[in-house]
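The structure appears below as structure tokens.
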Amino acid sequence: MDQPEVKLHRDLILKYIKVGLLYTMTLHHKDGSYDQAYPHEHSYGATAFLLPDMIAVYKAIKSVCSNVEKSHIEDGFRKSADFLCRRSEQHEFIANHLAGAVLALQQAHVLFDEKRYDQKANEILGSILDRQSEEGWFPEYGGADPGYQTLCMYYLAQIYRIDQTKLLKNALEKSLQFLQFFIHPDGTYGGEY
């Protein structure tokens with residue numbers, strides 16, 4: 001493939017990604033939240049899971065966005081981060097949702113240099129780490145769940161890449177020790193116990 005074709009494909013891909021991100025901005029509510037399972041849900045977990053990935057995508061395509069598009073996207077991100085600061089998980093203590101919110105708020109802090117996002121992220125992270133069991137699991141609806149534990153660990157590992165604290169490292173190691181018991185001899189993982 002010659003260079004002009006490569007540039008054309010790259011430009012088209014960036015355009016499609018930008019259009020997808022702009023479309024996603026139309027899906028959130030005025031308070032910055034997104035729905036997960038039903039209309040008008042204002043889901044804490046869905047908002048927490050979407051925001052870090054959207055911020056990562058935005059950083060990759062920001063150079064192809066107009067000033068109006070940048071303003072629109074960043075306004076949506078601020079609304080979502082503000083929602084995560086104002087609200088909390090309504091269903092139960094769900095560590096994987098909360099870990100997603102910590103990552104989202106940390107990334108919003110980096111993007112906007114807003115101290116309150118970092119403060120709320122640290123507050124939520126503290127509550128997750130405080131509730132880790134002696135066995136190493138993080139609470140999901142009041143108990144251990146090896147599947148959700150891996151998702152929680154994914155977010156905590158991403159957080160650790162940003163902020164390498166000994167406390168978080170120890171929590172991740174303890175979590176791995178717990179999860180090792182759910183890897184079966186045939187290489188499969190998890191299930192009903």
Value for CD (Gln107) from CD (Gln158), rounded to nearest 0.5 Å, stands at 8.0 Å

I'd like to check Lys59 versus Val110 (side-chain heavy atoms, cut-off strictly below 4.5 Å). Are they in contact? yes

Between Leu103 and Ile162, does the side chain to side chain contact (heavy atoms under 4.5 Å, CB included) criterion hold? Intermediate values first, please.
CA-CA 9 Å; Leu103 181 60; Ile162 296 167; 3.8 Å; yes

ring-ring contact (aromatic ring centres under 6.0 Å, His included) filter on His42, not counting sequence neighbours, yields His29

Hydrophobic cluster membership, Tyr23 vs Leu50, 4.5 Å side-chain cutoff | yes

For Tyr154 and Asn96, what are the C-alpha separation, side-chain angles and deciding distance, and is it a side-chain hydrogen bond (donor to acceptor under 3.5 Å, both in side chains)? CA-CA 9 Å; Tyr154 165 78; Asn96 74 87; over 6 Å; no

Heavy-atom nearest pair, Ala46 first then Ser43, reads N-OG, 3.0 Å

Rounded to the nearest 0.5 angstrom, the CD1-CD distance for Ile124 and Gln119 is 12.0 Å

Distance col, row Leu21:CG vs Met25:CE, nearest 0.5 angstrom, shows 5.0 Å

_Transitive ILVMFWY side-chain link Tyr38 to Phe83, under 4.5 Å_ = no

_Tell me whether Val57 shares a hydrophobic cluster with Leu27, the cluster being built from Ile, Leu, Val, Met, Phe, Trp, Tyr side chains joined at under 4.5 Å._
yes

(message) If you count heavy atoms of other groups shown closer than 6.0 angstrom to CZ of Arg86, is the number above 12?
(response) yes

For this session: Report the C-alpha separation of Glu140 and Cys152 in whole Å, then their side-chain angles, then the decisive distance to 0.1 Å, and conclude whether the side chain to side chain contact (heavy atoms under 4.5 Å, CB included) test is met.
Result: CA-CA 9 Å; Glu140 301 289 345; Cys152 182; 4.2 Å; yes

Looking just at side-chain N and O atoms, do Gln149 and Ser175 make a donor-acceptor pair shorter than 3.5 Å?
yes

Between Leu14 and Ala60 the two heavy atoms that sit nearest each other are CD2-O, 4.4 Å

Check: If only atom types and distance count, is the side chain of Glu69 paired as donor or acceptor with the main-chain N or O of Ser66 below 3.5 Å?
Finding: yes

**Message:** Is there a side-chain contact between Tyr117 and Leu84 in this structure, where contact means two heavy atoms from C-beta onward sitting under 4.5 Å apart?
**Reply:** no

dist Leu151:CG -> Asp145:CG (nearest 0.5 Å) comes out at 10.0 Å

Have Gln106 and Asp118 got a donor and an acceptor in their side chains that come within less than 3.5 Å? no

To the nearest 0.5 Å, atom OG1 of Thr47 lies from atom CG of Asp35 at 8.0 Å

- Task: Flag yes if more than 12 heavy atoms outside Tyr189 fall under 6.0 Å of its OH atom; otherwise flag no.
- Result: yes

Looking only at heavy atoms, the pair that brings Leu105 and Ala121 closest together is CB-CB, 3.8 Å

Nearest heavy-atom contact between Tyr44 and Ala101 is OH-CB, 3.4 Å

### Test log, rule side chain to side chain contact (heavy atoms under 4.5 Å, CB included), inputs Leu22 and Val19
CA-CA 5 Å; Leu22 288 167; Val19 167; 5.6 Å; no

Heavy atoms of Ala104 and Ile55 approach each other most closely as O-CD1, 4.2 Å

Practice prompt. Show your reasoning for whether side chain to side chain contact (heavy atoms under 4.5 Å, CB included) applies to Tyr148 and Ile94.
Written response: CA-CA 9 Å; Tyr148 281 136; Ile94 306 173; 6.0 Å; no

Practice task
For ring-ring contact (aromatic ring centres under 6.0 Å, His included), just list the numbers for Tyr155 and Phe49, CA-CA rounded to whole Å, side-chain angles, deciding distance to a tenth of an Å, and then say yes or no.
Solution key: CA-CA 9 Å; Tyr155 287 116; Phe49 291 163; 5.3 Å; yes

Under a 4.5 Å side-chain heavy-atom rule over Ile, Leu, Val, Met, Phe, Trp and Tyr, are Leu125 and Leu167 clustered together?
-> yes

ask   = Looking only at atom types and distance, does a side-chain atom of Glu89 sit under 3.5 Å from a main-chain N or O of Phe93, one as donor and one as acceptor?
value = no

Donor-acceptor list for residues 70-80 side chains, cut-off 3.5 Å, not counting sequence neighbours:
residue	atom	partner	partner atom	Å
Glu74	OE2	Tyr58	OH	2.5
Arg78	NH1	Glu114	OE2	3.2
Ser80	OG	Gly32	O	2.6
Ser80	OG	Gly76	O	3.3

(request) Check the angle between the aromatic planes of Phe178 and Trp137 and answer parallel, tilted or perpendicular using the 30° and 60° thresholds. (result) tilted

**Report entry** Residue Lys169 excluded, over 12 heavy atoms near NZ under 6.0 Å
**Finding:** no

Report yes if the side chains of Thr24 and Met54 come closer than 4.5 Å at any heavy-atom pair, otherwise no.
-> yes

Correct closest heavy-atom pair for Leu179 and Met153 would be CD1-SD, 3.4 Å

So do the side chains of Lys174 and Glu135 get within less than 4.5 Å of each other, counting heavy atoms only?
no

Quiz item: Taking C-beta and beyond as the side chain, do Cys65 and Lys18 meet within less than 4.5 Å on heavy atoms?
Solution: yes

Note to self: So for atom NE2, which belongs to His184, do other residues, nucleotides or ligands contribute more than 12 heavy atoms lying within a distance under 6.0 Å?
What the structure shows: yes

Would you check if there is a donor-acceptor pair between the side chains of Ser33 and Asp31 at a distance under 3.5 Å?
yes

Tell me whether the guanidinium CZ or amine NZ of Arg131 lies under 6.0 angstrom from the six-membered ring centre of Phe138 and within 45° of its axis. no

Taken to the nearest 0.5 Å, the spacing of Thr188 OG1 from Ile183 CD1 works out to 9.5 Å

* Would a distance-only check, ignoring hydrogens and angles, find a side-chain to backbone donor-acceptor pair under 3.5 Å from Glu41 to Ala37? -> yes

Q: Answer yes or no: are there more than 12 heavy-atom neighbours, outside Glu134 itself, under 6.0 Å from its atom CD?
A: no

